[in-house]
Amino acid sequence: MSRRIPHRPGAVAVVSALLVLVVLGGCSSSSGGNANGSTSTTPATATAPGGQLVPGSAWRHIAPAQAGLDGAVLDDIARTAQVGKSHCLVVERDGAIAGEWQFAGTTATQTQDIFSATKSITSLLVGIAQDEGDLHIDDSASKWIPEWRGTAATQVTVRDLLSNDSGREWSPIIDYVRLIRSSDRTAFAIGLPQQHPPGQVWAYNNSAIQTLQQVLQGATGEDVSTFAEQRLFRPLGMAHTRMTTDRAGNTQTFEGVQSNCEDLARLGLMVQRDGKWGSRQIVSSSWVAESTGKPSTPLNAAYGYLWWLNRKGVLAGPLSATNLAAAANPTTARGQLVPGAPDDLYWALGLGNQLVQVDPGSRTVVVRLGTAEAQPKPPTFGPSEASQVVTRAVRH
(Lines give C-alpha, C1' and ligand atoms only; values in the text may rest on other atoms or scores of the structure.)
Protein backbone atom coordinates (compact mmCIF):
# COMPACT_ATOMS: atom_id res chain seq x y z
CA MET A 1 0.00 0.00 0.00
CA SER A 2 1.42 3.39 -0.93
CA ARG A 3 1.86 6.18 1.57
CA ARG A 4 2.49 9.83 0.95
CA ILE A 5 5.10 11.70 2.91
CA PRO A 6 3.42 14.31 5.09
CA HIS A 7 4.29 17.93 4.46
CA ARG A 8 6.59 19.12 7.22
CA PRO A 9 7.92 22.65 6.80
CA GLY A 10 10.88 22.08 9.11
CA ALA A 11 12.01 19.04 7.16
CA VAL A 12 11.64 20.89 3.87
CA ALA A 13 13.78 23.74 5.21
CA VAL A 14 16.48 21.32 6.32
CA VAL A 15 16.51 19.59 2.93
CA SER A 16 16.68 22.92 1.11
CA ALA A 17 19.60 24.01 3.27
CA LEU A 18 21.44 20.76 2.75
CA LEU A 19 21.30 21.20 -0.99
CA VAL A 20 23.14 24.53 -1.04
CA LEU A 21 26.16 22.35 -1.59
CA VAL A 22 29.29 23.46 -3.42
CA VAL A 23 30.42 25.72 -6.18
CA LEU A 24 28.86 28.19 -8.50
CA GLY A 25 29.18 26.92 -12.04
CA GLY A 26 27.28 25.86 -15.10
CA CYS A 27 26.10 22.54 -16.39
CA SER A 28 27.11 21.35 -19.83
CA SER A 29 24.38 22.02 -22.33
CA SER A 30 23.56 20.83 -25.80
CA SER A 31 20.38 20.45 -27.73
CA GLY A 32 18.68 17.09 -28.03
CA GLY A 33 15.33 15.41 -28.30
CA ASN A 34 13.19 14.09 -25.49
CA ALA A 35 13.25 10.39 -24.66
CA ASN A 36 10.52 8.91 -22.55
CA GLY A 37 10.70 5.38 -21.20
CA SER A 38 11.19 3.43 -24.42
CA THR A 39 12.10 -0.27 -24.36
CA SER A 40 15.67 -1.19 -25.22
CA THR A 41 16.43 -4.15 -27.45
CA THR A 42 19.80 -4.68 -25.76
CA PRO A 43 19.38 -7.37 -23.12
CA ALA A 44 20.92 -7.21 -19.68
CA THR A 45 23.32 -9.95 -18.68
CA ALA A 46 22.26 -12.53 -16.10
CA THR A 47 25.06 -13.16 -13.63
CA ALA A 48 25.67 -15.19 -10.51
CA PRO A 49 24.84 -15.23 -7.71
CA GLY A 50 21.10 -15.63 -7.74
CA GLY A 51 20.69 -14.78 -11.42
CA GLN A 52 20.92 -11.05 -10.71
CA LEU A 53 20.83 -8.80 -13.75
CA VAL A 54 23.34 -6.09 -14.54
CA PRO A 55 23.19 -3.93 -17.66
CA GLY A 56 25.48 -4.63 -20.57
CA SER A 57 26.52 -1.81 -22.87
CA ALA A 58 22.95 -0.52 -22.65
CA TRP A 59 20.27 -0.72 -20.00
CA ARG A 60 17.32 -3.07 -20.24
CA HIS A 61 14.05 -1.11 -20.02
CA ILE A 62 10.91 -2.75 -18.63
CA ALA A 63 7.38 -1.60 -17.87
CA PRO A 64 6.84 -0.29 -14.33
CA ALA A 65 4.33 -3.06 -13.57
CA GLN A 66 6.92 -5.67 -14.53
CA ALA A 67 9.21 -4.14 -11.92
CA GLY A 68 6.47 -4.10 -9.27
CA LEU A 69 6.00 -0.33 -9.55
CA ASP A 70 2.91 1.78 -10.20
CA GLY A 71 3.32 3.42 -13.60
CA ALA A 72 0.74 6.12 -12.93
CA VAL A 73 2.56 7.17 -9.76
CA LEU A 74 5.89 7.23 -11.61
CA ASP A 75 4.36 9.45 -14.30
CA ASP A 76 3.10 11.78 -11.58
CA ILE A 77 6.58 11.92 -10.02
CA ALA A 78 8.09 12.56 -13.46
CA ARG A 79 5.72 15.50 -14.00
CA THR A 80 6.94 16.95 -10.71
CA ALA A 81 10.51 16.44 -11.88
CA GLN A 82 9.83 18.19 -15.18
CA VAL A 83 8.27 21.21 -13.50
CA GLY A 84 11.12 21.12 -10.99
CA LYS A 85 13.79 22.08 -13.55
CA SER A 86 15.08 18.55 -14.10
CA HIS A 87 17.14 17.42 -17.06
CA CYS A 88 16.71 13.68 -16.56
CA LEU A 89 15.06 11.21 -14.22
CA VAL A 90 15.73 7.46 -14.01
CA VAL A 91 14.01 4.88 -11.80
CA GLU A 92 15.81 1.53 -11.62
CA ARG A 93 14.83 -1.69 -9.88
CA ASP A 94 16.51 -5.10 -9.83
CA GLY A 95 18.91 -4.31 -12.66
CA ALA A 96 16.49 -2.79 -15.16
CA ILE A 97 15.17 0.71 -15.79
CA ALA A 98 11.44 0.93 -15.09
CA GLY A 99 11.12 4.60 -15.96
CA GLU A 100 13.29 7.13 -17.77
CA TRP A 101 12.55 10.71 -18.77
CA GLN A 102 14.56 13.47 -20.47
CA PHE A 103 13.55 17.10 -20.10
CA ALA A 104 14.54 20.52 -21.38
CA GLY A 105 15.86 19.20 -24.68
CA THR A 106 18.50 16.94 -23.13
CA THR A 107 19.52 13.49 -24.38
CA ALA A 108 20.20 10.28 -22.47
CA THR A 109 23.96 10.45 -23.18
CA GLN A 110 24.37 14.13 -22.35
CA THR A 111 26.52 14.81 -19.30
CA GLN A 112 26.67 17.59 -16.73
CA ASP A 113 28.45 18.51 -13.52
CA ILE A 114 26.99 16.54 -10.61
CA PHE A 115 28.65 18.92 -8.12
CA SER A 116 28.88 17.54 -4.56
CA ALA A 117 27.46 14.15 -5.54
CA THR A 118 31.12 13.75 -6.54
CA LYS A 119 31.91 13.33 -2.84
CA SER A 120 30.11 9.98 -2.69
CA ILE A 121 32.24 8.77 -5.61
CA THR A 122 35.32 9.89 -3.68
CA SER A 123 34.07 7.83 -0.73
CA LEU A 124 33.91 4.75 -2.95
CA LEU A 125 37.44 5.39 -4.20
CA VAL A 126 38.72 5.56 -0.62
CA GLY A 127 36.90 2.31 0.12
CA ILE A 128 38.48 0.61 -2.89
CA ALA A 129 41.92 1.88 -1.88
CA GLN A 130 41.40 0.47 1.63
CA ASP A 131 40.18 -2.84 0.22
CA GLU A 132 43.38 -3.07 -1.84
CA GLY A 133 45.57 -2.34 1.18
CA ASP A 134 46.79 1.06 0.00
CA LEU A 135 45.49 2.88 3.07
CA HIS A 136 43.43 2.49 6.19
CA ILE A 137 40.99 5.18 7.16
CA ASP A 138 42.43 5.36 10.67
CA ASP A 139 45.78 6.36 9.20
CA SER A 140 46.87 9.94 9.78
CA ALA A 141 46.34 11.88 6.56
CA SER A 142 49.79 13.39 7.15
CA LYS A 143 51.21 10.08 5.95
CA TRP A 144 50.55 11.47 2.46
CA ILE A 145 50.41 15.18 3.30
CA PRO A 146 53.90 16.03 4.58
CA GLU A 147 52.94 19.68 5.13
CA TRP A 148 50.82 18.55 8.11
CA ARG A 149 53.55 16.61 9.88
CA GLY A 150 54.65 18.13 13.16
CA THR A 151 51.54 20.34 13.29
CA ALA A 152 48.12 19.98 14.95
CA ALA A 153 46.89 18.51 11.66
CA THR A 154 48.90 15.34 12.35
CA GLN A 155 45.90 14.17 14.40
CA VAL A 156 43.59 14.28 11.37
CA THR A 157 42.81 10.82 10.02
CA VAL A 158 41.36 9.82 6.69
CA ARG A 159 38.22 8.87 8.61
CA ASP A 160 37.95 12.45 9.91
CA LEU A 161 38.11 13.81 6.36
CA LEU A 162 35.38 11.40 5.25
CA SER A 163 33.17 12.28 8.25
CA ASN A 164 33.57 16.07 7.89
CA ASP A 165 34.70 16.41 11.50
CA SER A 166 38.39 16.92 10.71
CA GLY A 167 38.54 20.36 12.36
CA ARG A 168 40.27 21.89 9.36
CA GLU A 169 39.61 25.61 8.99
CA TRP A 170 36.22 26.27 7.46
CA SER A 171 33.94 29.18 6.66
CA PRO A 172 31.53 29.89 3.80
CA ILE A 173 34.00 32.43 2.37
CA ILE A 174 36.83 29.88 2.43
CA ASP A 175 34.80 27.10 0.83
CA TYR A 176 32.62 28.96 -1.65
CA VAL A 177 34.91 31.85 -2.67
CA ARG A 178 38.59 31.33 -1.92
CA LEU A 179 38.69 27.61 -2.72
CA ILE A 180 36.78 28.09 -5.96
CA ARG A 181 39.07 30.91 -7.09
CA SER A 182 42.23 28.90 -6.40
CA SER A 183 44.02 27.52 -9.44
CA ASP A 184 45.59 24.79 -7.25
CA ARG A 185 42.73 23.72 -5.02
CA THR A 186 44.63 20.90 -3.34
CA ALA A 187 47.51 23.19 -2.32
CA PHE A 188 45.04 25.79 -1.06
CA ALA A 189 43.18 23.20 1.04
CA ILE A 190 46.35 21.67 2.47
CA GLY A 191 47.67 25.12 3.39
CA LEU A 192 44.71 26.07 5.59
CA PRO A 193 45.34 25.88 9.35
CA GLN A 194 43.89 23.41 11.82
CA GLN A 195 40.95 25.23 13.46
CA HIS A 196 39.69 22.60 15.94
CA PRO A 197 40.81 19.19 17.19
CA PRO A 198 39.36 16.36 15.08
CA GLY A 199 35.98 15.09 16.22
CA GLN A 200 34.95 18.32 17.94
CA VAL A 201 33.14 20.16 15.13
CA TRP A 202 31.17 18.97 12.10
CA ALA A 203 31.35 21.23 9.04
CA TYR A 204 30.59 20.55 5.39
CA ASN A 205 34.21 21.22 4.50
CA ASN A 206 34.87 21.16 0.76
CA SER A 207 38.50 22.19 1.27
CA ALA A 208 39.15 19.31 3.67
CA ILE A 209 37.58 16.85 1.26
CA GLN A 210 39.80 18.14 -1.56
CA THR A 211 42.85 17.05 0.46
CA LEU A 212 41.69 13.47 -0.17
CA GLN A 213 43.04 13.99 -3.69
CA GLN A 214 46.60 13.99 -2.34
CA VAL A 215 45.81 11.17 0.08
CA LEU A 216 44.41 8.94 -2.68
CA GLN A 217 47.13 9.75 -5.18
CA GLY A 218 49.88 9.20 -2.63
CA ALA A 219 48.36 5.98 -1.28
CA THR A 220 47.60 4.35 -4.63
CA GLY A 221 50.46 5.79 -6.65
CA GLU A 222 47.96 6.64 -9.39
CA ASP A 223 46.30 9.77 -10.65
CA VAL A 224 42.90 9.83 -8.98
CA SER A 225 41.03 10.24 -12.29
CA THR A 226 42.83 7.21 -13.71
CA PHE A 227 42.16 5.21 -10.55
CA ALA A 228 38.45 6.07 -10.78
CA GLU A 229 38.28 5.13 -14.45
CA GLN A 230 40.04 1.78 -13.97
CA ARG A 231 38.52 0.66 -10.67
CA LEU A 232 35.02 2.13 -10.87
CA PHE A 233 33.72 3.73 -14.05
CA ARG A 234 35.00 1.19 -16.59
CA PRO A 235 33.96 -1.96 -14.65
CA LEU A 236 30.43 -0.54 -14.26
CA GLY A 237 30.18 0.52 -17.91
CA MET A 238 29.94 4.22 -16.96
CA ALA A 239 31.21 5.20 -20.40
CA HIS A 240 30.11 8.84 -20.19
CA THR A 241 31.49 9.62 -16.72
CA ARG A 242 34.77 11.33 -15.85
CA MET A 243 36.36 13.20 -12.99
CA THR A 244 37.62 16.71 -13.74
CA THR A 245 40.70 18.65 -12.63
CA ASP A 246 41.48 22.11 -11.32
CA ARG A 247 43.72 24.46 -13.31
CA ALA A 248 46.80 22.90 -11.73
CA GLY A 249 45.82 19.43 -12.94
CA ASN A 250 44.62 18.00 -9.60
CA THR A 251 41.59 15.73 -9.75
CA GLN A 252 38.71 17.37 -7.90
CA THR A 253 37.40 15.15 -5.14
CA PHE A 254 34.78 17.47 -3.61
CA GLU A 255 32.91 18.28 -6.85
CA GLY A 256 33.27 18.26 -10.62
CA VAL A 257 32.37 14.76 -11.85
CA GLN A 258 30.66 14.90 -15.24
CA SER A 259 28.02 12.22 -15.70
CA ASN A 260 24.41 11.46 -16.68
CA CYS A 261 21.40 9.71 -15.20
CA GLU A 262 21.98 6.32 -16.82
CA ASP A 263 25.61 6.10 -15.72
CA LEU A 264 24.79 7.16 -12.18
CA ALA A 265 22.04 4.53 -12.03
CA ARG A 266 24.81 1.96 -12.58
CA LEU A 267 26.69 3.40 -9.62
CA GLY A 268 23.56 3.30 -7.47
CA LEU A 269 22.80 -0.29 -8.44
CA MET A 270 26.32 -1.40 -7.50
CA VAL A 271 26.11 0.26 -4.09
CA GLN A 272 22.57 -1.03 -3.51
CA ARG A 273 23.97 -4.54 -4.11
CA ASP A 274 26.58 -4.07 -1.39
CA GLY A 275 29.39 -3.20 -3.75
CA LYS A 276 28.90 -6.06 -6.21
CA TRP A 277 28.59 -5.85 -9.99
CA GLY A 278 27.63 -9.25 -11.33
CA SER A 279 30.26 -11.62 -10.01
CA ARG A 280 32.80 -8.84 -9.33
CA GLN A 281 33.16 -7.13 -5.97
CA ILE A 282 33.90 -3.50 -6.89
CA VAL A 283 34.10 -2.29 -3.30
CA SER A 284 33.67 -4.40 -0.18
CA SER A 285 30.25 -4.87 1.35
CA SER A 286 31.76 -3.81 4.66
CA TRP A 287 32.70 -0.45 3.15
CA VAL A 288 29.18 0.11 1.81
CA ALA A 289 27.75 -0.72 5.24
CA GLU A 290 30.22 1.51 7.07
CA SER A 291 29.84 4.50 4.76
CA THR A 292 26.06 4.42 4.25
CA GLY A 293 24.59 2.31 7.06
CA LYS A 294 25.03 4.59 10.04
CA PRO A 295 26.09 8.15 10.92
CA SER A 296 29.85 8.60 10.91
CA THR A 297 29.73 11.09 13.77
CA PRO A 298 27.37 11.96 16.64
CA LEU A 299 27.54 15.56 15.39
CA ASN A 300 25.27 14.85 12.39
CA ALA A 301 22.90 11.91 12.11
CA ALA A 302 22.38 12.68 8.43
CA TYR A 303 25.97 12.02 7.36
CA GLY A 304 27.96 8.87 6.68
CA TYR A 305 31.26 8.83 4.80
CA LEU A 306 30.46 11.49 2.18
CA TRP A 307 26.90 10.13 1.75
CA TRP A 308 23.73 11.76 3.12
CA LEU A 309 21.56 9.51 5.30
CA ASN A 310 17.94 9.47 6.44
CA ARG A 311 18.82 8.54 10.01
CA LYS A 312 17.04 10.29 12.87
CA GLY A 313 18.94 12.54 15.23
CA VAL A 314 20.94 15.78 15.24
CA LEU A 315 20.83 17.44 11.82
CA ALA A 316 23.53 19.76 10.49
CA GLY A 317 23.66 21.51 7.13
CA PRO A 318 26.43 22.75 4.83
CA LEU A 319 26.42 26.41 5.87
CA SER A 320 26.83 25.96 9.61
CA ALA A 321 29.23 24.17 11.95
CA THR A 322 27.97 21.94 14.76
CA ASN A 323 30.12 21.30 17.83
CA LEU A 324 29.79 18.77 20.63
CA ALA A 325 28.01 21.22 22.94
CA ALA A 326 25.44 22.06 20.27
CA ALA A 327 24.86 18.39 19.49
CA ALA A 328 24.16 17.72 23.17
CA ASN A 329 21.82 20.70 23.48
CA PRO A 330 18.17 19.56 23.37
CA THR A 331 17.24 22.72 21.41
CA THR A 332 19.49 21.71 18.48
CA ALA A 333 17.53 20.69 15.37
CA ARG A 334 16.66 17.02 15.34
CA GLY A 335 14.74 14.87 12.90
CA GLN A 336 15.60 13.32 9.55
CA LEU A 337 16.03 14.59 6.03
CA VAL A 338 12.80 13.06 4.72
CA PRO A 339 10.34 12.19 7.50
CA GLY A 340 8.15 9.23 6.62
CA ALA A 341 10.69 7.68 4.26
CA PRO A 342 12.72 4.61 5.29
CA ASP A 343 15.49 5.22 7.81
CA ASP A 344 18.02 3.32 5.66
CA LEU A 345 17.47 5.46 2.57
CA TYR A 346 20.61 7.35 1.49
CA TRP A 347 21.76 9.77 -1.18
CA ALA A 348 24.64 11.25 -3.10
CA LEU A 349 23.63 14.92 -3.25
CA GLY A 350 24.93 17.93 -5.15
CA LEU A 351 24.24 21.59 -5.84
CA GLY A 352 20.82 22.17 -7.37
CA ASN A 353 19.37 18.82 -6.23
CA GLN A 354 21.62 16.55 -8.27
CA LEU A 355 20.91 13.21 -6.60
CA VAL A 356 21.41 9.47 -6.58
CA GLN A 357 18.97 7.84 -4.16
CA VAL A 358 19.48 4.27 -2.98
CA ASP A 359 16.88 2.30 -1.04
CA PRO A 360 18.10 -1.14 0.10
CA GLY A 361 14.63 -2.20 1.23
CA SER A 362 12.82 -1.77 -2.08
CA ARG A 363 15.95 -2.42 -4.19
CA THR A 364 15.36 0.81 -6.08
CA VAL A 365 17.65 3.54 -7.34
CA VAL A 366 16.44 6.99 -8.38
CA VAL A 367 18.69 9.43 -10.23
CA ARG A 368 17.77 13.02 -10.97
CA LEU A 369 19.95 15.71 -12.56
CA GLY A 370 18.85 19.23 -13.30
CA THR A 371 19.52 22.94 -13.31
CA ALA A 372 22.27 24.11 -10.98
CA GLU A 373 20.94 26.64 -8.48
CA ALA A 374 22.94 27.72 -5.44
CA GLN A 375 19.68 28.12 -3.53
CA PRO A 376 17.00 26.08 -5.33
CA LYS A 377 13.79 28.05 -5.72
CA PRO A 378 10.45 26.25 -5.92
CA PRO A 379 9.35 24.41 -7.88
CA THR A 380 12.19 21.95 -7.61
CA PHE A 381 12.80 18.22 -7.22
CA GLY A 382 14.92 16.87 -4.38
CA PRO A 383 15.15 14.01 -1.88
CA SER A 384 11.59 14.46 -0.61
CA GLU A 385 10.17 14.09 -4.12
CA ALA A 386 12.55 11.28 -5.11
CA SER A 387 11.63 9.30 -1.99
CA GLN A 388 8.05 9.05 -3.25
CA VAL A 389 9.22 6.30 -5.59
CA VAL A 390 9.69 4.24 -2.43
CA THR A 391 6.72 5.47 -0.40
CA ARG A 392 4.11 5.69 -3.19
CA ALA A 393 5.14 3.69 -6.26
CA VAL A 394 6.34 0.34 -4.89
CA ARG A 395 3.59 -2.25 -5.14
CA HIS A 396 5.40 -5.49 -4.32
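No experiment lies behind these values; they were computed from the predicted model shown. Computed over heavy atoms, backbone and side chain alike; hydrogens, waters and symmetry mates excluded.
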### Query
Do S284 and D131 have side-chain atoms, one donor and one acceptor, less than 3.5 Å apart?
yes

### Task
Verify side chain to side chain contact (heavy atoms under 4.5 Å, CB included) between F381 and L89, making sure each step is shown before the conclusion.
CA-CA 10 Å; F381 187 96; L89 176 69; 4.1 Å; yes

### Message
I want to check something: taking the side chain as every heavy atom from C-beta on, are L349 and P383 in contact at a cut-off of under 4.5 Å?
### Response
yes

### Test item: T80 side-chain N/O and D76 main-chain N/O as donor-acceptor pair under 3.5 Å
yes

### Message
Can you confirm whether L345 sits close enough to Q357 that some side-chain heavy atom of one is under 4.5 Å from a side-chain heavy atom of the other?
### Response
yes

### Query
Does T241 use its side chain to pair, donor to acceptor, with the backbone of F233 at less than 3.5 Å?
no

### Task
Kindly give the heavy-atom pair with the smallest separation between R178 and S182, and that separation in Å.
O-OG, 2.8 Å

## Note on the structure
Taken to the nearest 0.5 Å, the spacing of F254 CZ from N205 CG works out to 10.5 Å

#### Entry: Joint cluster assignment, V158 & V201, ILVMFWY side-chain distance < 4.5 Å
no

### Task
Determine whether the side chains of Q252 and T244 contain a donor N or O and an acceptor N or O closer than 3.5 Å.
yes

### Query
Do side-chain atoms of R93 reach the backbone of A98 as a donor and acceptor pair under 3.5 angstrom?
no

#### Entry: Heavy-atom donor-acceptor pair, S387 side chain to S384 backbone, under 3.5 Å
yes

## Note on the structure
Shortest non-hydrogen pair, R266 vs G237, comes out as NE-O, 3.5 Å

### Message
Given 3.5 Å as the limit, does a donor-acceptor pair link the side chain of T106 with the main chain of H87, or not?
### Response
yes

#### Entry: Trace of the side-chain hydrogen bond (donor to acceptor under 3.5 Å, both in side chains) decision for Q354 with Q112
CA-CA 10 Å; Q354 321 309 326; Q112 68 171 73; 3.0 Å; yes

### Query
Do the side-chain N and O atoms of Y204 and S116 include a donor-acceptor pair separated by under 3.5 angstrom?
yes

#### Entry: Distance, nearest 0.5 Å, that separates CD of E100 from CD of E262
4.0 Å

### Task
Using a strict 4.0 Å threshold on nitrogen-to-oxygen distance, state whether K85 and E373 make a salt bridge.
yes

### Query
Within a strict 4.5 Å, meaning less than it, do heavy atoms of the V90 and W59 side chains meet?
no

### Task
Would you check if the side chain of R395 reaches a backbone N or O of R392 as a donor-acceptor pair within less than 3.5 Å?
yes

### Heavy-atom closest pair, residues V394 and S362
CG2-CB, 3.9 Å

#### Entry: Distance-minimising heavy-atom pair for T220 and A129
CG2-CB, 4.0 Å

### Message
What verdict does the side chain to side chain contact (heavy atoms under 4.5 Å, CB included) test give for T251 and L216, after you've listed the backbone C-alpha separation in whole Å, the side-chain angles of each residue and the deciding distance to 0.1 Å?
### Response
CA-CA 10 Å; T251 299; L216 277 168; over 6 Å; no

### Message
Checking S142 against T154: is there a side-chain donor and acceptor pair closer than 3.5 Å?
### Response
no

### Message
Under 3.5 Å, is there a donor on one side chain and an acceptor on the other for Y346 and R311?
### Response
no

### Query
What heavy-atom pair brings L269 and G95 nearest, and what distance separates the two atoms?
CD2-CA, 3.9 Å

### Message
Using modelled atom types and a 3.5 Å cut-off, is there a donor and acceptor pairing between side-chain atoms of E385 and backbone atoms of G382?
### Response
yes

### CZ on F188 to CG on N250, rounded to 0.5 Å
13.5 Å

### Query
Got a second to check how far I282's CD1 is from I128's CD1, nearest 0.5 Å?
7.0 Å

### Task
Given side chain to side chain contact (heavy atoms under 4.5 Å, CB included), test M243 with Q213 step by step and report yes or no.
CA-CA 11 Å; M243 300 190 85; Q213 181 269 328; over 6 Å; no

### Query
Strictly by modelled atom types, are T186 and Q210 linked by a side-chain donor-acceptor pair under 3.5 Å?
yes

### Message
I need the minimum non-hydrogen distance between D70 and A72, along with the two atoms involved.
### Response
OD1-N, 2.9 Å

### Message
Does any part of the side chain of Y305, heavy atoms only, come nearer than 4.5 Å to the side chain of S163, both counted from C-beta?
### Response
yes

### Message
Do Q130 and H136 have side chains that approach each other closer than 4.5 Å (heavy atoms only, starting at C-beta)?
### Response
yes

### Message
Pairing donors with acceptors under 3.5 angstrom, does anything connect the side chains of Q272 and E92?
### Response
no

### Query
C261 and side-chain contact (heavy atoms from CB on, under 4.5 Å): which partner among V366, L369, I97?
L369

### Message
Side chains of P55 and W277, heavy atoms from C-beta outward: is any pair under 4.5 Å?
### Response
yes

### Message
Is it the case that the side chain of T151 and the backbone of A153 share a donor-acceptor pair, with hydrogens and angles ignored and the cut-off at 3.5 Å?
### Response
yes

### Query
Going from CG on N206 to CG on D175, what distance comes out if it is rounded to the nearest 0.5 angstrom?
4.0 Å

### Task
Measure from the ring center of Y303 to the ring center of W308 and say whether it is less than 6.0 Å.
yes

### Task
Check for a donor-acceptor pair, side chain of D246 on one end and backbone N or O of R185 on the other, with a separation under 3.5 Å.
yes

### Query
About how many Å separate OG of S207 and CH2 of W170, when rounded to the nearest 0.5 Å?
10.5 Å

### Task
State, with a plain yes or no, whether a side-chain heavy atom of T253 is found less than 4.5 Å away from one of T118.
no

### Query
Does I121 reach the side chain of L232, with side-chain heavy atoms less than 4.5 Å apart?
yes

### Task
Give the intermediate values and the outcome of side chain to side chain contact (heavy atoms under 4.5 Å, CB included) for residues V314 and N300.
CA-CA 5 Å; V314 174; N300 190 357; 5.8 Å; no

### Query
So, the side chain of Q258 versus the backbone of R242: is there a donor-acceptor pair under 3.5 Å, distance only?
no

